[in-house]
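Okay, structure first, notes after.
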There are 2 protein chains.
Amino acid sequence: MLRKRQGAGLEANRREDLLRAAARLFVEKGFAATTTRDIAEAVGMRSGSPFYHFRSKQDLLKAAMIEGLETGYRRLQAASAGLVDPEQRLRVMIRTHLGNLLEGDCQVPMLLYESRSLDAAARAEIAAVSDRYQAVWQATLDELAASGRLRSSSQPLRLLLFGMLNWTTQWYRRDGELSLDEIAEAAADHLLG
Amino acid sequence: MLRKRQGAGLEANRREDLLRAAARLFVEKGFAATTTRDIAEAVGMRSGSPFYHFRSKQDLLKAAMIEGLETGYRRLQAASAGLVDPEQRLRVMIRTHLGNLLEGDCQVPMLLYESRSLDAAARAEIAAVSDRYQAVWQATLDELAASGRLRSSSQPLRLLLFGMLNWTTQWYRRDGELSLDEIAEAAADHLLG
DNA sequence: CCTACCGATCGGTAGG
DNA sequence: CCTACCGATCGGTAGG
(Lines give C-alpha, C1' and ligand atoms only; values in the text may rest on other atoms or scores of the structure.)
Protein backbone atom coordinates (compact mmCIF):
# COMPACT_ATOMS: atom_id res chain seq x y z
CA MET A 1 0.00 0.00 0.00
CA LEU A 2 2.74 2.36 0.96
CA ARG A 3 4.85 1.22 -1.96
CA LYS A 4 1.90 1.65 -4.24
CA ARG A 5 1.34 5.24 -3.11
CA GLN A 6 5.01 5.98 -3.44
CA GLY A 7 5.02 4.53 -6.95
CA ALA A 8 2.13 6.71 -7.96
CA GLY A 9 3.90 9.72 -6.50
CA LEU A 10 7.05 9.07 -8.45
CA GLU A 11 5.07 8.56 -11.60
CA ALA A 12 3.30 11.88 -11.07
CA ASN A 13 6.69 13.50 -10.54
CA ARG A 14 7.96 12.22 -13.87
CA ARG A 15 4.82 13.55 -15.48
CA GLU A 16 5.47 16.96 -13.95
CA ASP A 17 9.06 16.82 -15.15
CA LEU A 18 7.87 16.19 -18.67
CA LEU A 19 5.36 19.02 -18.49
CA ARG A 20 7.91 21.53 -17.28
CA ALA A 21 10.47 20.53 -19.89
CA ALA A 22 7.85 20.57 -22.63
CA ALA A 23 6.57 24.01 -21.67
CA ARG A 24 10.04 25.48 -21.64
CA LEU A 25 11.00 23.93 -24.98
CA PHE A 26 7.70 24.82 -26.64
CA VAL A 27 8.16 28.45 -25.67
CA GLU A 28 11.82 28.46 -26.65
CA LYS A 29 11.68 26.71 -30.01
CA GLY A 30 7.99 26.55 -30.79
CA PHE A 31 5.71 23.53 -30.72
CA ALA A 32 6.43 22.24 -34.22
CA ALA A 33 10.19 22.68 -33.92
CA THR A 34 10.32 20.80 -30.62
CA THR A 35 10.53 17.04 -30.98
CA THR A 36 9.22 14.60 -28.46
CA ARG A 37 12.81 13.34 -28.45
CA ASP A 38 13.98 16.77 -27.25
CA ILE A 39 11.53 16.57 -24.39
CA ALA A 40 12.46 13.02 -23.49
CA GLU A 41 16.15 13.89 -23.48
CA ALA A 42 15.55 16.95 -21.31
CA VAL A 43 14.28 14.71 -18.52
CA GLY A 44 16.63 11.79 -19.20
CA MET A 45 14.17 9.45 -20.86
CA ARG A 46 14.35 7.47 -24.11
CA SER A 47 12.48 8.62 -27.16
CA GLY A 48 9.42 6.43 -26.73
CA SER A 49 8.88 7.00 -23.04
CA PRO A 50 6.96 10.29 -22.99
CA PHE A 51 4.14 8.38 -24.65
CA TYR A 52 3.76 6.31 -21.53
CA HIS A 53 2.69 9.50 -19.73
CA PHE A 54 0.93 11.36 -22.56
CA ARG A 55 -1.03 10.05 -25.46
CA SER A 56 0.41 12.48 -27.98
CA LYS A 57 2.57 15.54 -28.44
CA GLN A 58 -0.58 17.66 -28.65
CA ASP A 59 -1.68 16.25 -25.32
CA LEU A 60 1.57 17.42 -23.77
CA LEU A 61 1.01 20.92 -25.13
CA LYS A 62 -2.55 21.04 -23.89
CA ALA A 63 -1.62 19.87 -20.42
CA ALA A 64 1.29 22.31 -20.21
CA MET A 65 -0.93 25.22 -21.20
CA ILE A 66 -3.69 24.36 -18.78
CA GLU A 67 -1.31 23.85 -15.89
CA GLY A 68 0.45 27.13 -16.64
CA LEU A 69 -2.83 28.99 -16.78
CA GLU A 70 -4.12 27.47 -13.56
CA THR A 71 -0.95 28.20 -11.65
CA GLY A 72 -1.10 31.80 -12.84
CA TYR A 73 -4.74 32.04 -11.89
CA ARG A 74 -4.08 30.80 -8.37
CA ARG A 75 -1.27 33.29 -7.92
CA LEU A 76 -3.41 36.12 -9.20
CA GLN A 77 -6.22 35.26 -6.83
CA ALA A 78 -3.92 34.78 -3.85
CA ALA A 79 -2.28 38.16 -4.40
CA SER A 80 -5.35 40.25 -5.14
CA ALA A 81 -8.40 38.70 -3.49
CA GLY A 82 -8.04 40.59 -0.21
CA LEU A 83 -7.58 44.07 -1.67
CA VAL A 84 -10.58 46.32 -1.41
CA ASP A 85 -9.33 49.41 -3.23
CA PRO A 86 -9.59 48.63 -6.95
CA GLU A 87 -6.66 50.82 -7.93
CA GLN A 88 -4.34 49.16 -5.47
CA ARG A 89 -5.71 45.80 -6.54
CA LEU A 90 -5.02 46.54 -10.20
CA ARG A 91 -1.44 47.51 -9.40
CA VAL A 92 -0.91 44.25 -7.55
CA MET A 93 -2.51 42.29 -10.36
CA ILE A 94 -0.24 43.89 -12.92
CA ARG A 95 2.83 43.06 -10.87
CA THR A 96 1.61 39.51 -10.32
CA HIS A 97 0.88 39.03 -13.98
CA LEU A 98 4.41 40.13 -14.88
CA GLY A 99 5.68 37.61 -12.36
CA ASN A 100 3.55 34.91 -13.95
CA LEU A 101 5.04 35.81 -17.30
CA LEU A 102 8.65 36.45 -16.50
CA GLU A 103 9.66 34.92 -13.18
CA GLY A 104 8.68 31.34 -13.92
CA ASP A 105 10.26 29.32 -16.68
CA CYS A 106 7.17 29.12 -18.84
CA GLN A 107 5.78 32.15 -20.65
CA VAL A 108 2.14 31.22 -20.85
CA PRO A 109 0.90 33.83 -23.34
CA MET A 110 3.55 32.78 -25.84
CA LEU A 111 2.47 29.21 -25.24
CA LEU A 112 -1.12 30.23 -25.83
CA TYR A 113 -0.07 31.31 -29.28
CA GLU A 114 0.64 27.66 -30.02
CA SER A 115 -2.97 26.63 -29.57
CA ARG A 116 -3.22 26.87 -33.34
CA SER A 117 -1.54 23.46 -33.24
CA LEU A 118 -4.42 21.93 -31.29
CA ASP A 119 -7.82 20.73 -32.39
CA ALA A 120 -11.01 22.65 -31.67
CA ALA A 121 -11.91 20.64 -28.58
CA ALA A 122 -8.58 21.26 -26.89
CA ARG A 123 -8.68 24.93 -27.86
CA ALA A 124 -12.10 25.26 -26.26
CA GLU A 125 -10.86 23.68 -23.05
CA ILE A 126 -7.98 26.13 -22.91
CA ALA A 127 -10.17 29.10 -23.77
CA ALA A 128 -12.37 28.25 -20.79
CA VAL A 129 -9.44 28.39 -18.35
CA SER A 130 -8.13 31.51 -20.01
CA ASP A 131 -11.50 33.23 -19.78
CA ARG A 132 -11.54 32.81 -16.01
CA TYR A 133 -8.22 34.60 -15.86
CA GLN A 134 -9.54 37.42 -18.04
CA ALA A 135 -12.72 37.74 -16.00
CA VAL A 136 -10.79 38.65 -12.86
CA TRP A 137 -9.23 41.54 -14.75
CA GLN A 138 -12.40 42.68 -16.37
CA ALA A 139 -14.14 42.87 -12.99
CA THR A 140 -11.48 45.15 -11.54
CA LEU A 141 -11.35 47.32 -14.65
CA ASP A 142 -15.11 47.66 -14.65
CA GLU A 143 -15.00 48.69 -11.02
CA LEU A 144 -12.43 51.36 -11.82
CA ALA A 145 -14.39 52.60 -14.82
CA ALA A 146 -17.60 52.82 -12.78
CA SER A 147 -15.91 54.96 -10.16
CA GLY A 148 -14.49 57.21 -12.87
CA ARG A 149 -10.87 56.32 -12.32
CA LEU A 150 -10.39 55.17 -15.89
CA ARG A 151 -10.80 57.45 -18.85
CA SER A 152 -12.35 55.12 -21.37
CA SER A 153 -14.50 52.05 -21.61
CA SER A 154 -12.76 49.17 -19.99
CA GLN A 155 -12.95 46.35 -22.49
CA PRO A 156 -10.61 47.63 -25.21
CA LEU A 157 -8.49 48.86 -22.36
CA ARG A 158 -8.11 45.35 -21.02
CA LEU A 159 -6.85 44.20 -24.40
CA LEU A 160 -4.38 47.04 -24.70
CA LEU A 161 -3.22 46.45 -21.15
CA PHE A 162 -2.63 42.76 -21.79
CA GLY A 163 -0.71 43.76 -24.88
CA MET A 164 1.62 46.00 -22.89
CA LEU A 165 2.21 43.28 -20.33
CA ASN A 166 2.35 40.19 -22.50
CA TRP A 167 4.66 41.79 -25.03
CA THR A 168 7.28 42.16 -22.30
CA THR A 169 8.12 38.51 -22.97
CA GLN A 170 9.62 39.76 -26.24
CA TRP A 171 12.04 42.26 -24.77
CA TYR A 172 12.41 41.81 -21.01
CA ARG A 173 15.81 40.58 -19.84
CA ARG A 174 16.46 39.50 -16.28
CA ASP A 175 19.78 41.34 -16.36
CA GLY A 176 18.33 44.39 -18.14
CA GLU A 177 17.90 47.91 -16.84
CA LEU A 178 14.25 47.68 -15.89
CA SER A 179 13.00 45.64 -12.96
CA LEU A 180 9.59 44.02 -12.92
CA ASP A 181 8.52 46.49 -10.27
CA GLU A 182 9.47 49.39 -12.51
CA ILE A 183 7.72 47.95 -15.54
CA ALA A 184 4.62 47.27 -13.49
CA GLU A 185 4.59 50.80 -12.18
CA ALA A 186 5.08 52.32 -15.65
CA ALA A 187 2.25 50.23 -17.05
CA ALA A 188 -0.11 51.07 -14.20
CA ASP A 189 0.71 54.77 -14.38
CA HIS A 190 -0.08 54.91 -18.06
CA LEU A 191 -3.39 53.27 -17.47
CA LEU A 192 -4.62 55.22 -14.49
CA GLY A 193 -4.85 58.98 -14.52
CA MET B 1 15.95 42.16 -75.36
CA LEU B 2 12.31 42.84 -74.74
CA ARG B 3 11.67 39.17 -74.24
CA LYS B 4 14.59 38.97 -71.87
CA ARG B 5 13.32 41.83 -69.76
CA GLN B 6 9.86 40.33 -69.75
CA GLY B 7 11.27 37.00 -68.67
CA ALA B 8 13.12 38.61 -65.79
CA GLY B 9 9.94 40.44 -64.81
CA LEU B 10 7.91 37.29 -64.73
CA GLU B 11 10.56 35.56 -62.70
CA ALA B 12 10.58 38.39 -60.21
CA ASN B 13 6.80 38.13 -60.02
CA ARG B 14 6.98 34.45 -59.16
CA ARG B 15 9.50 35.28 -56.49
CA GLU B 16 7.12 37.84 -55.05
CA ASP B 17 4.29 35.31 -55.17
CA LEU B 18 6.38 32.89 -53.17
CA LEU B 19 7.30 35.53 -50.63
CA ARG B 20 3.72 36.59 -50.05
CA ALA B 21 2.48 33.03 -49.71
CA ALA B 22 5.34 32.14 -47.41
CA ALA B 23 4.77 35.16 -45.16
CA ARG B 24 1.08 34.39 -44.84
CA LEU B 25 1.64 30.72 -44.10
CA PHE B 26 4.50 31.34 -41.68
CA VAL B 27 2.30 33.71 -39.66
CA GLU B 28 -0.69 31.39 -39.82
CA LYS B 29 0.92 28.07 -38.99
CA GLY B 30 4.39 29.02 -37.83
CA PHE B 31 7.68 28.52 -39.63
CA ALA B 32 8.37 24.95 -38.57
CA ALA B 33 4.82 23.77 -39.23
CA THR B 34 4.79 25.22 -42.74
CA THR B 35 6.34 22.96 -45.35
CA THR B 36 8.00 24.18 -48.50
CA ARG B 37 5.43 22.01 -50.23
CA ASP B 38 2.64 24.10 -48.68
CA ILE B 39 4.23 27.22 -50.09
CA ALA B 40 4.77 25.70 -53.51
CA GLU B 41 1.17 24.54 -53.65
CA ALA B 42 -0.11 27.98 -52.61
CA VAL B 43 1.37 29.47 -55.77
CA GLY B 44 0.75 26.48 -58.03
CA MET B 45 4.27 25.11 -58.18
CA ARG B 46 5.67 21.62 -57.66
CA SER B 47 7.46 20.71 -54.48
CA GLY B 48 11.00 21.28 -55.72
CA SER B 49 10.44 24.57 -57.52
CA PRO B 50 10.67 27.08 -54.67
CA PHE B 51 14.32 26.11 -54.45
CA TYR B 52 14.87 27.57 -57.88
CA HIS B 53 14.05 30.97 -56.39
CA PHE B 54 15.37 30.56 -52.84
CA ARG B 55 18.28 28.59 -51.57
CA SER B 56 16.53 27.31 -48.48
CA LYS B 57 13.41 27.56 -46.37
CA GLN B 58 15.30 29.84 -43.97
CA ASP B 59 16.13 32.10 -46.89
CA LEU B 60 12.46 32.43 -47.69
CA LEU B 61 11.73 33.42 -44.10
CA LYS B 62 14.52 35.95 -44.02
CA ALA B 63 13.45 37.55 -47.29
CA ALA B 64 9.80 37.68 -46.22
CA MET B 65 10.69 39.35 -42.96
CA ILE B 66 12.95 41.94 -44.53
CA GLU B 67 10.46 42.78 -47.22
CA GLY B 68 7.66 43.11 -44.70
CA LEU B 69 9.74 45.37 -42.51
CA GLU B 70 10.83 47.57 -45.40
CA THR B 71 7.34 47.96 -46.75
CA GLY B 72 6.16 48.96 -43.29
CA TYR B 73 9.03 51.38 -42.92
CA ARG B 74 8.23 53.08 -46.22
CA ARG B 75 4.57 53.44 -45.24
CA LEU B 76 5.49 54.85 -41.87
CA GLN B 77 7.81 57.43 -43.40
CA ALA B 78 5.36 58.38 -46.13
CA ALA B 79 2.57 58.96 -43.64
CA SER B 80 4.48 60.80 -40.95
CA ALA B 81 7.46 62.58 -42.49
CA GLY B 82 5.58 65.81 -43.26
CA LEU B 83 4.01 66.26 -39.84
CA VAL B 84 5.57 68.93 -37.66
CA ASP B 85 3.52 68.58 -34.49
CA PRO B 86 4.92 65.54 -32.66
CA GLU B 87 1.62 64.65 -31.03
CA GLN B 88 -0.22 64.59 -34.32
CA ARG B 89 2.69 62.71 -35.86
CA LEU B 90 2.56 60.08 -33.13
CA ARG B 91 -1.15 59.58 -33.69
CA VAL B 92 -0.60 59.08 -37.39
CA MET B 93 2.28 56.70 -36.73
CA ILE B 94 0.14 54.62 -34.41
CA ARG B 95 -2.61 54.37 -37.00
CA THR B 96 -0.12 53.54 -39.73
CA HIS B 97 1.52 50.88 -37.61
CA LEU B 98 -1.84 49.24 -36.97
CA GLY B 99 -2.38 49.29 -40.73
CA ASN B 100 0.99 47.66 -41.26
CA LEU B 101 0.01 44.98 -38.80
CA LEU B 102 -3.59 44.32 -39.60
CA GLU B 103 -4.53 45.58 -43.05
CA GLY B 104 -1.94 43.65 -45.04
CA ASP B 105 -1.84 39.88 -45.14
CA CYS B 106 1.43 39.53 -43.26
CA GLN B 107 1.70 40.33 -39.56
CA VAL B 108 5.33 41.31 -39.36
CA PRO B 109 5.79 41.30 -35.56
CA MET B 110 4.50 37.76 -35.34
CA LEU B 111 6.88 36.86 -38.16
CA LEU B 112 9.70 38.51 -36.24
CA TYR B 113 9.04 36.01 -33.50
CA GLU B 114 10.17 33.31 -35.91
CA SER B 115 13.69 34.72 -36.19
CA ARG B 116 14.60 32.14 -33.56
CA SER B 117 14.59 29.75 -36.54
CA LEU B 118 17.37 31.69 -38.30
CA ASP B 119 21.10 31.74 -37.77
CA ALA B 120 22.89 34.63 -36.11
CA ALA B 121 23.89 36.33 -39.37
CA ALA B 122 20.33 36.45 -40.67
CA ARG B 123 19.05 37.61 -37.31
CA ALA B 124 21.52 40.47 -37.32
CA GLU B 125 20.42 41.52 -40.80
CA ILE B 126 16.83 41.61 -39.67
CA ALA B 127 17.63 43.42 -36.47
CA ALA B 128 19.28 46.17 -38.50
CA VAL B 129 16.13 46.77 -40.56
CA SER B 130 13.98 46.54 -37.46
CA ASP B 131 16.13 49.06 -35.59
CA ARG B 132 15.54 51.67 -38.29
CA TYR B 133 11.82 51.23 -37.76
CA GLN B 134 12.21 51.61 -34.00
CA ALA B 135 14.41 54.68 -34.37
CA VAL B 136 11.64 56.63 -36.08
CA TRP B 137 9.44 55.99 -33.07
CA GLN B 138 12.07 56.77 -30.52
CA ALA B 139 12.75 60.14 -32.16
CA THR B 140 9.12 61.19 -31.94
CA LEU B 141 8.71 59.90 -28.39
CA ASP B 142 11.87 61.75 -27.32
CA GLU B 143 10.52 64.91 -28.87
CA LEU B 144 7.28 64.52 -26.93
CA ALA B 145 9.10 63.80 -23.70
CA ALA B 146 11.37 66.83 -24.14
CA SER B 147 8.37 69.12 -24.57
CA GLY B 148 6.73 67.60 -21.49
CA ARG B 149 3.84 66.00 -23.28
CA LEU B 150 4.71 62.55 -21.99
CA ARG B 151 4.69 61.66 -18.34
CA SER B 152 7.63 59.32 -18.13
CA SER B 153 10.88 58.51 -19.79
CA SER B 154 10.29 57.50 -23.33
CA GLN B 155 12.24 54.30 -23.82
CA PRO B 156 10.25 51.90 -21.62
CA LEU B 157 7.25 53.71 -22.96
CA ARG B 158 8.14 52.78 -26.51
CA LEU B 159 8.28 49.13 -25.50
CA LEU B 160 4.95 49.27 -23.71
CA LEU B 161 3.43 51.10 -26.66
CA PHE B 162 4.65 48.50 -29.13
CA GLY B 163 3.21 45.86 -26.87
CA MET B 164 -0.23 47.46 -26.94
CA LEU B 165 -0.12 47.73 -30.70
CA ASN B 166 1.57 44.48 -31.68
CA TRP B 167 -0.60 42.41 -29.37
CA THR B 168 -3.64 43.48 -31.39
CA THR B 169 -2.64 40.78 -33.86
CA GLN B 170 -3.78 38.33 -31.20
CA TRP B 171 -7.30 39.62 -30.78
CA TYR B 172 -8.25 42.02 -33.58
CA ARG B 173 -10.92 40.81 -35.94
CA ARG B 174 -11.80 42.63 -39.14
CA ASP B 175 -15.48 42.06 -38.45
CA GLY B 176 -15.19 42.89 -34.75
CA GLU B 177 -16.63 45.83 -32.85
CA LEU B 178 -13.53 48.00 -32.84
CA SER B 179 -12.16 49.69 -35.94
CA LEU B 180 -8.48 50.39 -36.43
CA ASP B 181 -9.20 54.09 -36.03
CA GLU B 182 -10.82 53.46 -32.66
CA ILE B 183 -8.01 51.25 -31.44
CA ALA B 184 -5.44 53.78 -32.59
CA GLU B 185 -7.25 56.55 -30.76
CA ALA B 186 -7.58 54.54 -27.57
CA ALA B 187 -3.89 53.66 -27.63
CA ALA B 188 -2.83 57.24 -28.29
CA ASP B 189 -5.13 58.62 -25.60
CA HIS B 190 -3.70 56.30 -23.01
CA LEU B 191 -0.22 57.37 -23.89
CA LEU B 192 -0.66 61.10 -24.05
CA GLY B 193 -2.13 63.06 -21.20
C1' DC C 1 10.32 25.25 -63.46
C1' DC C 2 9.21 19.83 -63.39
C1' DT C 3 10.36 14.80 -62.50
C1' DA C 4 12.17 11.66 -59.67
C1' DC C 5 14.43 10.84 -55.88
C1' DC C 6 17.42 10.60 -51.40
C1' DG C 7 18.73 10.75 -46.57
C1' DA C 8 17.22 12.18 -42.33
C1' DT C 9 13.97 12.87 -38.96
C1' DC C 10 9.80 12.43 -36.56
C1' DG C 11 5.50 10.92 -33.96
C1' DG C 12 4.01 6.98 -32.39
C1' DT C 13 3.59 1.73 -31.28
C1' DA C 14 4.38 -3.32 -29.83
C1' DG C 15 6.12 -6.08 -26.68
C1' DG C 16 8.39 -6.72 -22.81
C1' DC D 1 9.97 2.97 -18.74
C1' DC D 2 13.28 0.77 -22.58
C1' DT D 3 14.28 -1.59 -27.16
C1' DA D 4 13.47 -1.85 -31.67
C1' DC D 5 11.01 -0.44 -35.17
C1' DC D 6 7.55 1.48 -38.80
C1' DG D 7 5.29 4.60 -42.02
C1' DA D 8 5.07 9.14 -43.30
C1' DT D 9 6.87 13.42 -44.20
C1' DC D 10 10.19 16.80 -45.13
C1' DG D 11 14.05 19.86 -46.98
C1' DG D 12 16.72 19.70 -50.59
C1' DT D 13 19.14 18.09 -55.12
C1' DA D 14 20.35 16.27 -59.94
C1' DG D 15 19.36 16.43 -64.36
C1' DG D 16 16.81 18.01 -67.79
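Throughout, a chain's letter reflects where its sequence line sits, starting with A, and its residues are numbered from 1.
When the C1' atom of dA14(D) is taken as reference, atom CZ of R55(B) falls 18 Å away, rounded to whole Å. For the pair L61(B) CG and dG12(D) P, the computed distance is 12 Å after rounding to whole Å. Between I39(A) atom CD1 and dG11(C) atom C1' the separation is 11 Å, expressed in whole Å. Taking atom CZ on F31(A) and atom C1' on dC10(C), their separation rounds to 12 Å, with Å as the unit. Atom CG of L25(A) and atom P of dG11(C) are 12 Å apart (whole Å). Rounded to whole angstrom, the span from the CZ atom of F51(A) across to the P atom of dT13(C) amounts to 8 Å. Distance CZ (F54(A)) to C1' (dG11(C)): 16 Å, rounded to an integer number of Å. Atom-to-atom, CG of D38(B) to C1' of dT9(D) comes out at 11 Å; the value is rounded to the nearest Å.
Other residues, nucleotides and ligands contribute more than 12 heavy atoms inside 6.0 Å of the CD atom of Q170(B). No more than 12 heavy atoms of other residues, nucleotides or ligands shown are found within 6.0 angstrom of CZ on R46(B). Other residues, nucleotides and ligands contribute only 12 or fewer heavy atoms inside 6.0 Å of the CD atom of E185(A).
Annotation: side chain of F54(A) is in contact with side chain of L19(A) (closest heavy-atom distance under 4.5 Å).
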N/O donor-acceptor pairs under 3.5 Å from side chains in residues 73-80 of chain B, not counting sequence neighbours:
{"residue": "Y73(B)", "atom": "OH", "partner": "Q77(B)", "partner atom": "NE2", "Å": "3.0"}
{"residue": "R75(B)", "atom": "NH1", "partner": "N100(B)", "partner atom": "OD1", "Å": "3.2"}
{"residue": "S80(B)", "atom": "OG", "partner": "L76(B)", "partner atom": "O", "Å": "2.8"}

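The stretch residues 107-126 of chain A participates, sequence neighbours left out, in no ring-ring contact (aromatic ring centres under 6.0 Å, His included) pair at all. Listed by first then second residue, pairs satisfying salt bridge (charged side-chain N to carboxylate O under 4.0 Å, His left out) with a partner in residues 33-44 of chain B read K29(B)-D38(B), not counting sequence neighbours.
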Pairing string of DNA chain D (Watson-Crick or G-U wobble, both atom distances under 3.5 Å; | = paired to other strand) is ||||||||||||||||

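Checked by distance alone, R37(B) brings a side-chain donor or acceptor within 3.5 Å of a matching partner on the base of dG11(D).
In the hydrophobic clustering (ILVMFWY side chains linked at under 4.5 Å, chained through shared members), L83(A) is joined by V92(A).
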Protein-nucleic acid N or O pairs under 3.5 Å, nucleotides 1-3 of chain C:
{"residue": "dC1(C)", "atom": "OP1", "partner": "R14(B)", "partner atom": "NE", "Å": "2.8"}
{"residue": "dC1(C)", "atom": "OP2", "partner": "H53(B)", "partner atom": "NE2", "Å": "2.3"}
{"residue": "dC2(C)", "atom": "OP2", "partner": "R46(B)", "partner atom": "N", "Å": "3.0"}
{"residue": "dC2(C)", "atom": "OP2", "partner": "S49(B)", "partner atom": "OG", "Å": "2.3"}
{"residue": "dT3(C)", "atom": "OP2", "partner": "R46(B)", "partner atom": "NE", "Å": "3.2"}

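For the pair R91(A) and D85(A), the salt-bridge criterion is not met [side-chain N within less than 4.0 Å of a carboxylate O].
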